[in-house]
Amino acid sequence: MTTLLNNINDEVFRTYVFWAAVLVVKMLAMSLLTGRQRFQKKVFANPEDIKSSKKDAVPKFDDPDVERVRRAHRNDLENILPFFTIGLLYMLTNPEPFIAINLFRVVAICRILHTLVYAVVVIPQPARGLSWGVAYMATGYMAFKTILFFL
């Protein structure tokens, strides 16, 4: 196992940790963005969150603006969490630093762009699809290279 850890280039590792931390902050921000949407629209999913002054108010689960942010957040969970795992495993394959560093950057920047065009300033397709697809392909490439290395 020690020899595998020797495959990790310091610059690649530092870059991975930086962009992983940026993506964690980005995912935490999605919770705040969801909350902001709920408060702006006064749309809450839990009875205890509805102000007591609205006696007849009921929880609402189908506001399109709140749901858009929630879908973007769920998309992050479906795509960023696998990147965290495969990014670490990919570093064990002793990748070319230029390629690894730029793959990490591309994934992170595309995931940030995905949120911006999906949940912050809605831009029509193909913006969302491209930002998702590029990050997905980069993550898939790292997974494929990792599988081949450990085959």
Side-chain angles (χ1 to χ4, degrees), residues 1-41 43-46 48-49 59-151:
M1 183 59 92
T2 305
T3 56
L4 279 177
L5 293 178
N6 289 337
N7 284 346
I8 298 176
N9 175 290
D10 284 344
E11 185 181 8
V12 171
F13 183 72
R14 291 176 58 82
T15 303
Y16 169 80
V17 170
F18 172 80
W19 286 109
V22 167
L23 288 173
V24 166
V25 170
K26 180 240 171 297
M27 288 174 56
L28 291 171
M30 293 303 293
S31 297
L32 298 176
L33 190 59
T34 302
R36 186 187 92 184
Q37 281 295 90
R38 288 193 181 282
F39 280 98
Q40 281 182 343
K41 305 275 309 252
V43 173
F44 301 100
N46 301 305
E48 65 270 16
D49 296 336
K60 186 174 179 184
F61 302 100
D62 60 353
D63 181 82
D65 296 324
V66 172
E67 290 306 309
R68 176 176 285 277
V69 176
R70 291 185 67 222
R71 286 191 307 272
H73 195 177
R74 185 174 56 237
N75 192 280
D76 280 348
L77 295 171
E78 294 168 353
N79 291 278
I80 292 174
L81 296 180
F83 164 72
F84 289 160
T85 303
I86 202 60
L88 280 171
L89 298 176
Y90 178 64
M91 283 189 288
L92 296 175
T93 69
N94 195 22
E96 177 64 38
F98 176 81
I99 293 171
I101 288 167
N102 284 301
L103 283 169
F104 299 156
R105 287 176 181 156
V106 163
V107 170
I109 291 167
C110 284
R111 291 308 308 171
I112 292 166
L113 287 173
H114 181 269
T115 294
L116 292 175
V117 301
Y118 192 12
V120 179
V121 179
V122 179
I123 296 176
Q125 289 285 24
R128 186 177 84 228
L130 288 172
S131 59
W132 172 84
V134 171
Y136 188 84
M137 301 257 302
T139 304
Y141 172 83
M142 288 185 280
F144 184 70
K145 293 296 279 188
T146 301
I147 289 168
L148 290 179
F149 183 86
F150 286 102
L151 192 62

Does the side-chain contact (heavy atoms from CB on, under 4.5 Å) test come out yes or no for Val22 and Ile112, once each step is laid out? CA-CA 9 Å; Val22 167; Ile112 292 166; 3.9 Å; yes
Heavy-atom distance under 4.5 Å between the side chains of [X] and [Y], does that happen here?
X	Y	result
Val12	Ile8	no
Val120	Leu33	yes
Tyr90	Pro95	yes
Gln40	Asp65	no
Thr139	Asn79	no
Phe104	Met142	yes
Thr15	Phe18	no

With side-chain contact (heavy atoms from CB on, under 4.5 Å) as the criterion, how do Val106 and Val134 come out once you've worked through the C-alpha distance, each side chain's angles and the decisive distance to 0.1 Å? CA-CA 8 Å; Val106 163; Val134 171; 3.5 Å; yes
Without swapping roles, check the side chain of Arg38 against the backbone of Val66 for a donor-acceptor pair under 3.5 Å.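 Judged by distance alone, no pair lies under 3.5 Å.
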Flag, side chain of Asn75 to backbone of Arg71, donor-acceptor distance under 3.5 Å: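 Not confirmed, Asn75 side chain does not pair with Arg71 backbone.
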Hey, could you give me the [atom1]/[atom2] distance between [X] and [Y], rounded to the nearest 0.5 Å?
X	Y	atom1	atom2	value
Phe13	Ile101	CZ	CD1	13.0 Å
Leu4	Thr93	CG	OG1	10.0 Å
Ile86	Leu103	CD1	CG	11.5 Å
Leu23	Ile80	CG	CD1	4.5 Å
Leu92	Asn6	CG	CG	10.5 Å
Glu96	Asn9	CD	CG	9.0 Å

Quick one: closest heavy-atom pair of [X] and [Y], and the distance?
X	Y	value
Ala135	Val107	O-CG2, 3.9 Å
Asp76	Met30	OD2-CG, 3.5 Å
Met27	His73	O-NE2, 3.6 Å
Ala108	Trp19	CB-CE3, 3.2 Å
Arg128	Ser131	O-OG, 2.9 Å
Ala127	Val117	C-CG2, 4.0 Å

Any chance [atom1] of [X] has more than 12 other-residue heavy atoms, nucleotides or ligands included, within less than 6.0 Å?
X	atom1	value
Lys145	NZ	no
Glu67	CD	yes
Phe84	CZ	yes
Phe150	CZ	yes

Just do the side-chain contact (heavy atoms from CB on, under 4.5 Å) check on Arg111 and Trp132 with the steps written out, would you? CA-CA 7 Å; Arg111 291 308 308 171; Trp132 172 84; 3.5 Å; yes
Ring-plane angle category for Tyr118 and His114, please: parallel below 30°, perpendicular beyond 60°, tilted otherwise. perpendicular
